[in-house]
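Because only heavy atoms are used, hydrogens play no part in the values below, and waters and symmetry mates are left out as well, while side chains stay in. Letters A, B, ... mirror the listed sequences (proteins, then strands); counts begin at 1.
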2 protein chains.
Amino acid sequence: MKIDPDSSVDLSIQIASAIRDAIIDGTLPVDERLPSEQELCEHFSVSRSSVREALKRLGAQSLIRTQRGATGGAFVNRLTYAAAHGQQITTSTLLLSMNEVSFSTACEARYALESACARLAAQRRTADHVATMRAEAYKQAQPGLTDEAFCASDVAFHRALVDAADNDVMSYQLAGAVEAMQPLMNMITFSARSRERIVALHNDIATALDDQDADKICELLNELSSYTNSLAESVFAERDALRGQ
Amino acid sequence: MKIDPDSSVDLSIQIASAIRDAIIDGTLPVDERLPSEQELCEHFSVSRSSVREALKRLGAQSLIRTQRGATGGAFVNRLTYAAAHGQQITTSTLLLSMNEVSFSTACEARYALESACARLAAQRRTADHVATMRAEAYKQAQPGLTDEAFCASDVAFHRALVDAADNDVMSYQLAGAVEAMQPLMNMITFSARSRERIVALHNDIATALDDQDADKICELLNELSSYTNSLAESVFAERDALRGQ
DNA sequence: AGACAATTAAATGTCTGACAAATGAAAATT
DNA sequence: AATTTTCATTTGTCAGACATTTAATTGTCT
């Protein structure tokens with residue numbers, strides 16, 4: 001890919017694109033070392049600043065990593081599920097917060113996607129998954145738990161359900177959806193009574209998973225979805241009422 | 001957020017994080033102009049290069065845009081569904097290509113997630129969605145269509161099904177999953193007979209959607225999933241056989 | 001006064017050169 | 001042989017300069 005210094009497009013963008021394309025089409029395989037910054041300067045006929053800015057762009061997308069020292073340089077990163085996952089969460093979180101996505105829309109999406117895992121999870125669940133879910137439900141029942149800790153445990157619970165489906169691609173997709181919702185969930189204050197209700201549903205879900213009863217899980221997820229939604233609605237209604245004063 | 005020049009973490013990373021956090025927590029609202037590079041240098045007590053590299057990182061994540069000129073500068077970007085979607089596809093595509101994700105795993109995830117839309121889509125579908133799907137199915141039946149065009153139309157078909165669920169968050173999530181699979185799908189050569197079978201299933205799905213029969217849609221999606229999988233398996237088996245010669 | 005042209009100021013984009021810091025390899029020393 | 005020292009390479013950071021873009025300002029003419 002060639003660089004056009006007269007283009008209206010920034011050099012660092014052009015250079016980053018060229019290298020990115022080489023990575024995507026396999027010209028630069030995983031763990032391959034890129035030419036040094038000096039060599040890239042000569043190759044593209046640009047200054048080191050432009051090359052460096054291009055490399056930072058690629059670094060921000062986890063496409064490369066850099067290492068200092070004699071044998072250092074920039075290396076093509078193997079994109080891990082964890083890294084991709086982290087990026088997806090950042091993106092999804094921002095998307096939700098910047099676009100005034102309604103709670104009900106996000107909630108609906110989350111539980112609908114989660115139900116998709118239910119069938120597979122019911123088939124493939126191991127004792128470990130069920131145990132994790134029960135442990136989280138137990139934690140959620142502890143008095144004195146902060147709302148944030150409650151939400152974090154909620155994420156862990158659902159994460160275990162998703163992982164039970166034993167499909168890496170699905171875990172990656174779903175975990176992003178579930179975790180991106182957490183800032184929205186954190187806006188809810190959970191009363192002792194509402195927590196009790198949620199924990200009960202969680203325990204029922206764990207049991208249904210143990211029994212490999214997919215339909216039951218879906219039914220319970222639906223219930224959880226509408227309950228969460230109604231909780232959110234009352235919180236928002238209260239907030240709006242206070243604002244109206 | 002403070003910057004530590006003695007940290008082992010690169011300055012541009014620290015600066016980018018600080019600004020990113022300010023965007024995420026709302027301190028820097030959408031379309032707000034960031035301080036000029038010069039001002040950021042003074043604020044963080046670093047050189048302009050470091051500030052610029054940090055801004056490039058944020059730019060690569062679509063968090064900011066920059067404009068030259070008198071009233072120019074860096075502005076907080078409103079993250080659109082389209083931009084988020086594009087990033088997700090790049091990430092997912094790389095993830096799938098770099099991690100030797102098996103076709104069956106990706107395929108399973110895709111159809112499972114798509115089934116999650118089916119119920120909502122059945123409730124909310126409009127005549128437009130059904131018409132789009134029928135039009136794509138018709139296109140797919142044309143002889144002389146390249147495999148690539150066939151796959152592209154396939155994506156458009158499923159995209160319409162997802163959009164019928166009328167949930168932006170879900171469309172965003174699902175479209176990413178469906179489109180990221182396209183490079184994998186493109187590896188399959190579709191014979192006339194297999195196309196015929198797929199088009200028939202597509203038409204049946206369109207009909208089931210029109211009839212608002214969610215169960216039927218799920219059943220047909222499952223059928224499509226196993227058929228696609230068997231096609232892929234035979235392609236891979238043939239390829240491996242050739243390789244073994 | 002209004003329309004148009006030239007100037008100016010502010011901002012990002014690019015280049016150059018320098019030094020700091022990390023790091024592994026080679027050389028020197030014990 | 002083991003350890004230490006030196007050294008070359010590479011990325012990270014800094015400073016300053018100039019180019020380019022852009023909108024506001026100023027000046028000029030009708």
Side-chain angles (χ1 to χ4, degrees), chain A residues 1-20 22-23 28 31-77, chain B residues 1-20 22-23 28 31-77:
Chain A
M1 168 90 171
K2 277 296 170 56
I3 300 301
D4 174 14
D6 297 328
S7 159
S8 64
V9 179
D10 291 358
L11 288 179
S12 68
I13 293 180
Q14 293 185 58
I15 296 166
S17 295
I19 299 176
R20 187 182 303 111
I23 294 175
L28 288 170
D31 289 332
E32 177 91 348
R33 181 177 171 282
L34 271 64
S36 72
E37 295 178 352
Q38 192 55 53
E39 288 169 308
L40 288 172
C41 293
E42 288 160 18
H43 180 257
F44 290 120
S45 306
V46 297
S47 73
R48 203 177 147 212
S49 340
S50 301
V51 166
R52 280 185 62 79
E53 286 175 11
L55 294 180
K56 298 311 151 202
R57 296 191 116 98
L58 298 172
Q61 294 185 299
S62 308
L63 290 181
I64 61 169
R65 61 181 182 280
T66 55
Q67 216 173 359
R68 281 163 61 149
T71 58
F75 298 83
V76 177
N77 239 344
Chain B
M1 169 89 168
K2 277 295 167 59
I3 300 301
D4 174 15
D6 297 328
S7 159
S8 66
V9 180
D10 292 359
L11 289 179
S12 68
I13 293 180
Q14 294 185 57
I15 296 167
S17 294
I19 299 176
R20 188 182 301 111
I23 294 175
L28 288 170
D31 289 333
E32 177 91 348
R33 182 178 170 281
L34 270 64
S36 72
E37 295 179 352
Q38 192 55 52
E39 289 169 307
L40 288 172
C41 293
E42 289 160 17
H43 180 257
F44 291 120
S45 306
V46 296
S47 73
R48 205 178 146 212
S49 331
S50 301
V51 166
R52 281 184 62 79
E53 287 175 9
L55 294 179
K56 297 312 150 201
R57 295 190 118 96
L58 298 173
Q61 295 185 297
S62 308
L63 291 182
I64 60 169
R65 61 180 183 281
T66 55
Q67 219 173 358
R68 280 162 67 148
T71 59
F75 298 84
V76 177
N77 241 343

Using side-chain hydrogen bond (donor to acceptor under 3.5 Å, both in side chains) as the criterion, list what pairs up with B:Q61, not counting sequence neighbours. B:R20
Between C1' on D:dA15 and CD on B:E37, what's the gap in Å once rounded to a whole number? 15 Å
Verify the contact: side-chain N or O of A:S50 to OP1 or OP2 of C:dC15, cut-off strictly under 4.0 Å; return yes or no. yes
Whole angstrom value for the distance that separates C1' of C:dA9 from CD of B:Q38: 15 Å
SG of A:C41 to CD1 of A:I15: how many Å apart, nearest 0.5 Å? 8.0 Å
Are any of A:T71's side-chain N or O atoms less than 4.0 Å away from OP1 or OP2 of C:dG24? no
B:H43 and B:P35, any side-chain heavy atoms less than 4.5 Å apart: no
Under 4.0 Å between any heavy atoms, over every strand shown, what does A:S49 touch: base, sugar-phosphate, or nothing? Just pick one. base
Nearest to the side chain of A:D10, which nucleotide is it out of D:dC14, D:dT13, C:dG13? C:dG13
Under a 4.0 Å heavy-atom cutoff, the residues of residues 58-69 of chain B touching DNA chain D are B:R68, B:G69
Side-chain contact check for B:S47: nearest option of D:dA8, D:dT22, D:dA15 is D:dA15
Distance (rounded to the nearest 0.5 Å) between B:E53 CD and A:K56 NZ: 5.0 Å
Return all side-chain donor-acceptor pairs below 3.5 angstrom for residues 63-74 of chain A, not counting sequence neighbours, or 'none' if the list is empty.
residue: A:R65; atom: NH1; partner: A:V76; partner atom: O; Å: 3.2
residue: A:R65; atom: NH1; partner: A:N77; partner atom: OD1; Å: 3.1
residue: A:R65; atom: NH2; partner: A:D31; partner atom: OD1; Å: 3.0

Let me know the distance between CG of B:L11 and P of D:dA15, rounded to the nearest Å. 12 Å
Measure the spacing between CZ of B:R48 and OG of B:S36 and express it to the nearest 0.5 Å. 9.0 Å
Rounded to whole angstroms, how far apart are CZ on A:R33 and C1' on C:dG24? 12 Å
B:R52 CZ to D:dA19 P, in whole Å, measures 17 Å
Could you tell me how far apart A:F75 (CZ) and D:dT10 (P) are, to the nearest whole angstrom? 11 Å
Atom CD of A:Q14 to atom C1' of C:dT14: distance rounded to whole Å? 13 Å
Quick one: A:L55 CG to D:dT11 C1', roughly how many Å, whole number? 10 Å
Roughly how far, to the nearest 0.5 Å, is OG of A:S50 from CD of A:E37? 11.5 Å
Examine the base of C:dG17 for any acceptor or donor lying under 3.5 Å from a partner atom in the side chain of A:R48, and report the outcome as yes or no. no
